[in-house]
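In each ligand, atom 1 is the first atom listed, and ligand 1 is the first ligand listed.
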Amino acid sequence: MENSAFSNISHGVQQPLNTPPESPTKAAPPRSRFGHAHKKTESWSSLNHIVEHGIAIPTSPGSHNTIEVPATRSPDAHASQYMNQLSAPPSMKERRLSRNSFGAALPIPRSKRQSRLSSVTFADVQDALASATGARPDMAQMQPTREILASRVQDVNAEKVRGAKNMAFVFDIDGVLVHGDRLIPEGQKVLSMLNGNNELGIKIPHIFLTNGSGKPELARTEQLAKILQNPVSTDQFIQSHTPMRALAEYYSTVLVVGGEEYRCREVAEQYGFKDIIVPNDIVAWDPSIAPYRVFTDAERASSRPRDFTQVEIEAIMVFSDSRDYATDMQIIMDLLRSKKGRLGTTAEDPVSERIPIYFSQGDMLCPTEHPIPRMSQGAFRIGLEAMYKALTGVDLERVVYGKPELATYKYADEVIASWMDVLHGEERVPENVYMIGDNPASDIVGGNMYGWNTCLVRTGVFQGGENDEENPANFGVFANVWEAVTTACRKQLGPDFKFEWDDRVNPVLHGKASAIV
Ligand code: G3P
Ligand code: MG
């Protein structure tokens, strides 16, 4: 990849070199390319989240099949706000102006469907679910009858059908639908209702948007489908690193960090990265690089060592939580301080030869089985930023994907439109999008800024009073996901909307007292 050519790019439109992005104060309200003007509660710009300086991302001649979304979080390290004494000497501050190869634009894939990741269809997932859950084999035969009946019911309820196709739900996963591998029962009930168990027998569009990470999309959706007892397609699923597949068009040789065993190498392979290195490959090559690591024979046998003094690693991708902070931080720090990603070297200038680092999400804490939330990728990153500043005297610039970053929400819009096409043959974003989340600092603030309706549930991170004080949900706070979704449906489809399908329904009389025959 050619790292010397840089351009400032916004929404895929190339601008002249060294031209800063459009001033955020003059920016139009967020609008998806599907023409959906988002209702505004707070704007990205009013919160001063659009990054004003024109840090360039690397680009090579020729076009990318990506959309480059301006960063809403500053690329500057957060660590300085937690530190007192580590101000950089003036000479360093000057050099810091020569920002290098990354920053203010976050590429997301132009194509919404994840067909490269999986050829699984909605029907395939239903079949897989039926075999996984032991559903009756005759269910498959029963389905067409219900579909015919449902389509007749829908024919005589055109207005409600329009309403159902003009709304969509975006579900956070952890703390809304599940706790790790444990089902939140209302989650299963909600999905069954949205998948057709409602008075119209209609599929109400919904996608999943999680800051979770660490395994391929198909593995994660299969696991979710099993827990939730409902089909979950990769085409309606976004985890924190899903949009990062766009980066495979910019970087070939990358260090991928985090996750269990080699699952994130698999993820990176599926995203199309050509040459993927994981910390184990480096430890196997030179165990002295991580002096506190106990490296097992099995790890050695499964790793891919080579002479890394001969390899230029172009970028670091932290896809998921580190399983070994000491080793991963040491190797990342070695690379950040190296000459253009070549291990065994130390750059004289800590900025100009530094390779970029990307994180898939920025959550500081994650609720787990442990009574006190555990540190997540955000805490790992802050640690790295502090170490980097302490060792070099300069701030670490980095890019963070995931909620509440704008790029992630824009990508969600694309996925909603594409999923609408799968469900109803209409590729568009419905007007009434509801984000259901448990974390005000990611789900809710992001949804508010993107102009969605936001619902905060009490089954996860949020345990506060009436509403969150800093990032209040604009549609309300609910005991659980069922309460949130049914309240939204009643608003859009009428207060008498029924959240159950009845096979005895007579479409001709539907809606009247004698509808059940
Ligand atoms: O913070 C990490 C992750 O578990 C959060 O997942 O689904 O709540 O965005 P989610
Ligand atoms: Mg959550």
Taking atom 6 (O) of ligand 1 as the reference point, the nearest protein heavy atom with its distance: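 Protein heavy atom with the smallest distance to atom 6 (O) of ligand 1: Thr210 OG1, 3.3 Å.
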Of the protein's non-hydrogen atoms, which lies at the shortest distance from atom 2 (C) of ligand 1, and what is that distance?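 Scanning the protein heavy atoms, the shortest distance from atom 2 (C) of ligand 1 goes to Gln361 NE2, 3.5 Å.
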Can [X] be said to touch ligand 1, with heavy atoms closer than 4.0 Å?
| X | result |
| --- | --- |
| Asp172 | yes |
| Gly212 | yes |
| Gln377 | no |

Please could you name the atoms of ligand 1 that [X] approaches to less than 4.0 Å, counting only its heavy atoms?
| X | answer |
| --- | --- |
| Cys366 | 1 (O), 2 (C), 4 (O) |
| Asp174 | 4 (O), 6 (O), 7 (O), 8 (O), 10 (P) |
| Lys403 | 9 (O) |

Give the ring-plane orientation class for Phe359 versus Phe380, where under 30° counts as parallel, over 60° as perpendicular and anything between as tilted.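 Perpendicular, since the angle between the ring planes exceeds 60°.
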Over 60° means perpendicular and under 30° means parallel, so tell me whether Tyr401 and Tyr358 are parallel, tilted or perpendicular.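 Geometry flag for Tyr358 against Tyr401: tilted rings.
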For Arg354 and Tyr388, which I'm curious about, is there any donor-acceptor pair between the side chains at under 3.5 Å?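 Distance-only check passes for Arg354 and Tyr388.
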Do the side-chain N and O atoms of Glu299 and Thr296 include a donor-acceptor pair separated by under 3.5 angstrom?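 There is such a pair (donor and acceptor under 3.5 Å, judged by atom type) between the side chains of Glu299 and Thr296.
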Decide if atom CD of Glu469 counts as having more than 12 heavy atoms of other residues, nucleotides or ligands within a radius under 6.0 Å.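 No, CD of Glu469 has 12 or fewer neighbouring heavy atoms, counting only those of other groups under 6.0 Å.
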Check step by step if side-chain hydrogen bond (donor to acceptor under 3.5 Å, both in side chains) holds for Gln223 and Asp181. CA-CA 8 Å; Gln223 179 192 14; Asp181 285 343; 2.9 Å; yes
Heavy-atom proximity to atom 5 (C) of ligand 1, best of Ile173, Val178, Asp363, Asp443: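 Minimum heavy-atom distance to atom 5 (C) of ligand 1 goes to Asp363.
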What's the OD1-the Mg ion (ligand 2)-OD2 angle here (Asp438, Asp172), rounded to 10 degrees?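 Angle OD1(Asp438)-the Mg ion (ligand 2)-OD2(Asp172): 80°, rounded to 10°.
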Below 4.5 Å, heavy atoms only, C-beta onward: do Gln492 and Asn166 meet side chain to side chain?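 A side-chain contact under 4.5 Å is absent here.
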